[in-house]
Amino acid sequence: MPNSVASQTLFLYSTTVSDVGTVRSNNQDSAFAGEHLIAICDGMGGHAGGDTASTIAIRSLAHIEHDDVNGDVSTVARMMETSVMAAHDAIVGKAKRERKLAGMGTTMTAVALVAGYWVLAHIGDSRAYLLRDGRLTRMTQDHSYVQHLIDTGRISPAEARNHPQRNVVMRVLGDFDIDPHPDIAIRAAHPTDRWMLCSDGLCGVLEDSTIEQTLTAYSDQEECAQQLVSMALKAGSTDNVTAVIADATLALDADAFDLPHQTPLVAGAASASLEPIADILNEPVATAPMLRDANASPAQRAAALIQSQPASQPSPRVAQPSAVREENGERANPDTGEIPVIQKRDGHVTDDPNDPDVAKAIHHERQTQRKETRKRGRRNRLIAILIVIAALALATGGAFGAYRWSQTKYFIGNADGVVAVYQGVNTNVFGLALSHEVKRTNIDIDSLPQAWRDQLQDGITFNSYDEAIQHVQVIRQEKSNFNDNSNTSKSSGDAGNGTSDSSDSSGSNGTDGDSSAGSSQTDGGTADGTAGDTGTDASSTGTDGGDAQ
């Protein structure tokens, strides 16, 4: 890999156009267009998450615009990979600290011009196209599920365009458990090379042939970007649409005074915070031009270019670096979204993770964050312990209060077969009885009616000891009444049994008398007219007596 500047110095002219589209409420794409670096990031993860993730990625890459490391291509390639990984760590760290951003991520496709070579870094499903000698080549491969299906021969590219899972990305930067390492490629640069970077809101609806035709037909970079974004929206794109156009320009005299120069442009979500990027580059940056009215005629567009900017098309905003802002009395804004900005001793400002001072600052921030995390963890544990203690105290207090209340109650129950008075309630908690015996009587449970036995088994509750004692007397009286009734019933039963025996005896004797009388009458031949209890026998006897007479 060559480490010297190419014999023919190439410069880069670039521009970008981004539009929120017709469906989305906010633009989650971010783009950068500079003299040495172009980049496109398509954020995902909710209303705020996608904005934040794509902005962090652009900020992490921005330092490459001026850190060309004396044309060392290999060093720049490593620098781009390091910057992409730093963006991933920053996104993950912010998502952990702000749970509302959980699940955010972004794609990233970037191209840097270094000493006559293109250095390409790519992850996700945004794309980079290179138009060379009138021929369009797609320089990136989508890290998506449908691309996997295409690569394995399960579906065709035509089927992938309408596949229900065409938006599922398998590799991105962010709060996901996936590989965040980007694809890195290096390719020799040629004069008149034209790059087009875009989000899937554009390449997802326009055919490659349409993109090639547009890139060839429009030599003006901004007009080309305007056309591509406008056509994607007309084709029915429901996503944010962003395009970056960059041309390699050959400078025959690299030492000439008037060399090609442009102010770096920032589009999409990242344009809301230009000052941090201006601090990183230590030079002015501006917002990219907005999409013009797609329905305007060519004559109207020409008139708009000649006349002042229409009211509906706000002028680009330019942000100066912190040194200039301080001179102008403006407040400095060093926030770069998780990656620290370091001002070197020579006044140079950078957030390059490869810079030792930046790496040291990152290490210091991580140590501070770890200390804060440990402190927060100890605080949370202390709070948890206090909550547990308070809960135990509350439970203990409640249990003690319940026990104190239970000791104001009394009940009458069974104590080893006799009636006893207990203080408390007739229950237990976790094997602990909430009552104790205070008076035992001599009233046998078995001597009471069954209804009383059942009540005493469950316990008869009272609000005071005196009430319980009074009820014991009632039970004693009821027991006495029950025993008296039992004795009376028994005596009556014994008397009834005696009468029956007498009757039986008389009956027996009467029968026997009748027999004797019958016999006497028969034998004596006398008829008395009165007989015994057996009428048949007596009648028979009387008849016999009459005959005898």
Side-chain angles (χ1 to χ4, degrees), residues 11-21 27-43 54-55 57-62 64-65 80 84 106-113 118-132 136-140 182 185 189 193-204 206 208 211-212 214-216 218-233 237 239-249 262-271 274 277 281 285-292 316:
F11 293 88
L12 192 65
Y13 273 131
S14 64
T15 190
T16 177
V17 173
S18 182
D19 191 76
V20 67
N27 194 345
Q28 300 187 29
D29 290 355
S30 290
F32 181 90
E35 293 181 302
H36 302 284
L37 173 73
I38 55 174
I40 173 72
C41 299
D42 185 354
S54 64
T55 299
I58 290 295
R59 290 171 174 176
S60 181
L61 291 168
I64 298 172
E65 169 69 9
M80 291 186 73
V84 172
T106 183
T107 68
M108 192 283 303
T109 302
V111 177
L113 176 60
W118 300 117
V119 180
L120 170 64
H122 168 71
I123 185 170
D125 63 350
S126 298
R127 290 183 183 177
Y129 291 87
L130 175 61
L131 182 69
R132 174 176 290 177
L136 186 69
T137 303
R138 198 172 101 189
M139 302 299 293
T140 56
D193 280 352
R194 168 168 279 194
W195 285 91
M196 195 276 285
L197 311 185
C198 66
S199 60
D200 64 341
L202 190 149
C203 57
L206 296 183
D208 287 0
I211 296 174
E212 179 178 356
T214 306
L215 290 173
T216 304
Y218 293 90
S219 59
D220 182 85
Q221 294 172 330
E222 183 179 342
E223 187 63 26
C224 184
Q226 293 278 351
Q227 286 293 328
L228 287 169
V229 173
S230 179
M231 286 191 297
L233 294 174
S237 178
D239 202 350
N240 309 140
V241 182
T242 303
V244 181
I245 306 296
D247 293 332
T249 301
Q262 72 166 70
T263 299
L265 302 176
V266 181
S271 64
L274 290 183
I277 299 177
L281 301 181
V285 295
T287 55
M290 299 182 66
L291 179 66
R292 294 194 299 266

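The backbone N or O of Thr242 sits less than 3.5 Å from a side-chain atom of Ser199, completing a donor-acceptor pair. Distance alone, capped at 3.5 Å, is enough to place a donor-acceptor pair between the Thr107 side chain and the Asp42 backbone. Gln262 contributes no side-chain N or O that, together with a main-chain N or O of Glu35, makes up a donor-acceptor pair within less than 3.5 Å. In terms of modelled atom types and a separation under 3.5 Å, the side chain of Gln28 and the main chain of Ala269 share no donor-acceptor contact.
Summarising the geometry, atom OG1 belonging to Thr214 is positioned 13.0 Å from atom CD belonging to Gln226; distances are rounded to the nearest 0.5 Å. Remark: Arg59 CZ to Cys41 SG distance equals 12.0 Å, nearest 0.5 Å. Atom CG of residue Asp220 and atom CD of residue Gln227 lie 10.5 Å apart, to the nearest 0.5 angstrom. Here the OG atom belonging to Ser18 is positioned 6.5 Å from the CD1 atom belonging to Ile40, to the nearest 0.5 angstrom. Note that CD of Glu212 is 8.5 Å distant from OG1 of Thr137, once rounded to the nearest 0.5 Å.
Between Leu206 and Ser237, the closest side-chain pair of non-hydrogen atoms is not below 4.5 Å. Looking only at side-chain heavy atoms (C-beta outward), Leu291 and Val241 stay at 4.5 Å or farther from each other. Looking at heavy atoms from C-beta onward, Leu281 lies in side-chain contact with Phe32 at the 4.5 angstrom threshold. Two residues are said to be in side-chain contact when any heavy atoms from C-beta on lie closer than 4.5 Å; Tyr129 and Asp208 meet this criterion. Side-chain contact between Thr109 and Leu120 is present, with heavy atoms from C-beta onward closer than 4.5 Å. Between Leu215 and Cys224 the shortest side-chain heavy-atom distance falls below 4.5 Å. Using a 4.5 Å heavy-atom cutoff, the side chains of Arg127 and Leu197 are not in contact.
Contact detail for Ser54 and Gly43: the closest heavy-atom pair is CB-N, 3.9 Å. Between Met108 and Leu61, the closest heavy-atom pair is SD-CD1, 3.4 Å. The heavy-atom pair separating Leu113 from Ala189 by the smallest distance is CD1-CB, 4.0 Å. What you find for Met290 and Val17 is that their closest heavy atoms are C-CG1, 4.4 Å. Counting all heavy atoms, side chain and backbone alike, Ile245 lies closest to Ala225 at CG1-CB, 3.8 Å. Shown here for Leu202 and Met196, the closest heavy-atom pair between the two residues is CD2-CE, 4.1 Å.
For the side-chain hydrogen bond (donor to acceptor under 3.5 Å, both in side chains) test, no residue two or more places apart in sequence or in another chain qualifies with Thr16. Qualifying salt bridge (Lys or Arg N to Asp or Glu O under 4.0 Å) partners for Arg132, counting only residues two or more places apart in sequence or in other chains: Asp193.
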Check your understanding: For Glu223 and Arg292, what are the C-alpha separation, side-chain angles and deciding distance, and is it a salt bridge (Lys or Arg N to Asp or Glu O under 4.0 Å)?
Key -> CA-CA 10 Å; Glu223 187 63 26; Arg292 294 194 299 266; 2.5 Å; yes
